[in-house]
There are 2 protein chains.
Amino acid sequence: MAREKRLPTISDVAKLAQVSRATVSRAFGRPELIGEETVKRVLRAAKELGYQPNQTARALSTGRHTNIAIVVPDVANPFFPPLIRAAQAGADAAGYSVFLGDSDEDADREHTLTQRLALQVEGFILASSRMQDEQISELAERRPLVLVNRDTRGIPRVLIDAAAGIHAAVEHLAQLGHRRIVYVSGPSNSWSDQERRRALKRAVRKAGMESVAIGARRASFEAGRQVVAEVRGTGATAAITFDDLVAHGLLAGLLEHGVSVPREFSVIGCDDVLGASTFPALTSISARCDAAGQIAFDLLMKAMQGAESADVRCVLESRLAVRATTGAAPARSSRKA
Amino acid sequence: MAREKRLPTISDVAKLAQVSRATVSRAFGRPELIGEETVKRVLRAAKELGYQPNQTARALSTGRHTNIAIVVPDVANPFFPPLIRAAQAGADAAGYSVFLGDSDEDADREHTLTQRLALQVEGFILASSRMQDEQISELAERRPLVLVNRDTRGIPRVLIDAAAGIHAAVEHLAQLGHRRIVYVSGPSNSWSDQERRRALKRAVRKAGMESVAIGARRASFEAGRQVVAEVRGTGATAAITFDDLVAHGLLAGLLEHGVSVPREFSVIGCDDVLGASTFPALTSISARCDAAGQIAFDLLMKAMQGAESADVRCVLESRLAVRATTGAAPARSSRKA
DNA sequence: CTGTTAGCGCATTCAC
DNA sequence: GTGAATGCGCTAACAG
C-alpha cells in the first residue's frame, strides 16, 4: 500500500534547494537568520517535494513538542465539552495540538494517563482533577500545569466560584419561604463539591435557614434520579444539586414519584449546562465554562513560556439563573417542631 | 526550576544494570530475547531510577507512535462526546494516547489539523468529516483511517443509518394524520444530512405524503430557533430536523411564536442525544453513538495492525423513540388546494 | 549569512 | 544471550 512511501526529509529539500540541511531547518524555524532569497528558494523546494517538518524529530531534538494535554474526568459530562472546545481553539491558534485524556472519574487512571502523556506534551490542563494534591504537585514539577476547578496552592488555577451563585440561590429560596434545603452532593474527591457544600452551609447560616447534605454516587442523571426518596426523607422543601445532570435526574425522579415541581418542591442545579432544555426549565447556578477553558489555556501558554509568575488563582464568578424549577415553599403541613 | 532536571535515559539504566543500552531496550520491547535474570535486573534498575521509555524517541526510531487522533466538527455538539469517550476508552485499553481535533465545522481547518497530526499518529478516526472525498482519500493513503458517518468507498467506515428511524418517523406521523412534512436540514457538506434528506424523501413518497426541505445554517440550538417562520411558511404540520439541537431550538422558537407542540405542530429530532430533557420531551430518531465510537476504534486497530481487509462498511441501525413532541395533525383549516 | 559537526533517546541490524 | 555500531529527522552550537 502507498502508505509505505518514504516522506521527504529535510535532506531532500536541502539537496533540491542546493543548501545545507541546517539552512532548511532555519528557513522554517527562524527565517530571519538567513537571506530572503534563500528562504524563498528553500520554501519553494519544500513545497515542490511536499515536505513537512517532522514534529517528532524536532521534539526529540529540542524538547519542545508543541503539544498539550487536557485531562477531564468524563468527556460526556456536558460541563467539559465547552471547556475543551475553548482550550482547543486557543491551542490551535497557537499552533499546538492537543491530547485528550478521560480519566473516567478515577484518580489512578488519571495518574497513569498523565504519566504516559508527560513526555509528549509541553503542558497540562487538568480539569476537575481527581488526583491527590501530591500527585498533582509531582506532575507540576515535570511540566507546566494549569488546574481548572481545583484549588491547589502554588499551581496556576482557574476556579469557578460557586459561592456568589449559591448565596443568590439561598436568598432566592429564602424569599420564597423555604426554610430547609438539601444539598445533593457529587464526587467526594471533587474540589467543586466541597466548595459548594461549604458555600451553601455559610449561606444557609447567614439566611437563618437549615441545610442537610446527602450524597449522589456520581455526577449523572441516574444518580440524581435514584436519590429522590432520600431527598424527600430530609424534610427539605428545596434542593441544590452538585450539577445540572443530577438536578435533571432529580427532576425526573420527582416526577415519577408524583411530586410536582416547583409547587411541592424546588430544585436548583449547578453549572447551567442544560440551558432551558429541561422541564420545567431548570433554575441553575451559572458560570461560563468556556471562558474557563480559554483562560486555562492562556495561563498554560504563559507558564510554558517560562513565566515563573506568582501564585495565579483566577476565579470566575457565578450567578443565579432563575427559571422555572423554583417556587414558593409549600404550606407547612405535618411536622411543626 | 525543578522542571529542568534531566530524566533518566536508557543509558543510565544500562550503566546501573551493568548491561548495554541494547539490552535495556530489549528488556522493555522484547524480553523473550534475553535472559530472565537480565530482564529482572534491568527492570529493577529502571524502577530505581524512575526510568520511563521515551515515546518520542521510540517513535522516531520505529515509526510507531502509539497515538491516534479523533477529529470532530464540534466537540460541544452532544453527539460527539459519547463517541469520543468510547473511542478513547478503547484506545486507552490498547495503550494508545489520543489527540483530539475540533475542526469547528470547517473543511480547511480539518485539513490543516489532520496534516499537522499525521506525523504524530498511527491512525485517524474522522467523525462527520467535512472534508472532500479527495482529501480524505489522500489522508487515508498516508495513514490508517476510519470514518464515522461518512460513506466514502474503500475506506473503513461506521455509519449510523437513519433510514430505519426515519421511515418509522414518517409512518408515525402518517398515522397521526399528517400529510406534509418539513425537513430542517443541517450542514450541507454532511453525509448524515444528505442521507437523512434522501431517506425522508423516499419514506414520504412511500407513505403518499409530501415533504419540503429548508436549511438551518448550522447544527445548533440557535439555528433551529431562527428558522421558525420559514418552517411555518411551508404549510407543513410536522418537522423532522437534522439533529436534536436543531429540534430543541425549533421547539423554543415555536413556543416564542405561540405555537403549541404537539397540538398545532409536531417535531422529531435526530440522534436522541438530549434524552427526555426537553419539553415537551422530544420524539427523536435514536442511535447508539457510543457504539459507533467503540466500533470505529476497533476497526482502526485492525487497520493499524495491517489488515488490508475488504471494503468495511459497518452500519448501525436507528429506531424511533416516541415521546411527547408528536401528536395528531391539527384539523385542516384555510389552505385547501 | 551559511555550512559542519554533534547529539536528542531509542531500536535495530550485525557480529561475537 | 549480549554488545557495538548505525540511523530515525531535526536543531543547536560553533566556525567561517
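So you know, we letter chains A, B, ... as the sequences are listed, proteins then strands, and number each from 1.
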Is B/Asp92 paired with A/Arg116 through a side-chain N to carboxylate O contact shorter than 4.0 Å? yes
Contacts to DNA chain C from residues 60-67 of chain B, heavy-atom cutoff under 4.0 Å, which residues? B/Ser61, B/Thr62
Name all pairs fulfilling the salt bridge (Lys or Arg N to Asp or Glu O under 4.0 Å) condition that reach into [range], sequence neighbours left out, sorted by first residue then second.
range                       : result
residues 32-55 of chain A   : none
residues 8-17 of chain A    : A/Arg6-A/Asp12
residues 120-137 of chain A : A/Arg64-A/Glu122, A/Glu105-A/Arg130, A/Asp133-A/Arg150

List for me each residue that meets side chain to side chain contact (heavy atoms under 4.5 Å, CB included) alongside [X], sequence neighbours excluded, and say none if there are none.
X        : answer
A/Asp108 : A/Asp106
A/Gln52  : B/Gln115, B/Leu119, B/Arg142
B/Ile155 : B/Ile136, B/Ser137, B/Ala140, B/Leu145, B/Leu147, B/Thr152
B/Ile34  : B/Thr23, B/Arg26, B/Ala27, B/Val39

Sequence-distant partners of B/Asp290, salt bridge (charged side-chain N to carboxylate O under 4.0 Å, His left out), two or more places apart: B/Arg288
Measure the distance from CG on A/Asp12 to P on D/dG9 and round it to the nearest whole Å. 9 Å
Which atoms of nucleotides 2-6 of chain D (N or O only) lie under 3.5 Å from a protein N or O atom, and what are those distances?
{"from": "D/dT2", "atom 1": "OP1", "to": "B/Thr38", "atom 2": "OG1", "distance (Å)": "2.6"}
{"from": "D/dT2", "atom 1": "OP2", "to": "B/Gly35", "atom 2": "N", "distance (Å)": "2.7"}
{"from": "D/dT2", "atom 1": "OP2", "to": "B/Thr38", "atom 2": "OG1", "distance (Å)": "3.0"}
{"from": "D/dG3", "atom 1": "OP2", "to": "B/Ser20", "atom 2": "N", "distance (Å)": "3.0"}
{"from": "D/dG3", "atom 1": "OP2", "to": "B/Ser20", "atom 2": "OG", "distance (Å)": "3.2"}
{"from": "D/dG3", "atom 1": "OP2", "to": "B/Thr23", "atom 2": "OG1", "distance (Å)": "2.4"}
{"from": "D/dG3", "atom 1": "N7", "to": "B/Arg26", "atom 2": "NH1", "distance (Å)": "3.4"}
{"from": "D/dG3", "atom 1": "O6", "to": "B/Arg26", "atom 2": "NH2", "distance (Å)": "2.7"}

Taking five pairs at each end, how big is the angle between the two axes of the helix from C/dC1-D/dG16 to C/dC16-D/dG1, to 10°? 30°
Can you list everything that forms a ring-ring contact (aromatic ring centres under 6.0 Å, His included) with B/Tyr96? Sequence neighbours excluded, please. none
Within the 4.0 Å heavy-atom criterion, would you say A/Tyr51 contacts the bases, only the backbone, or no part of the nucleic acid? sugar-phosphate
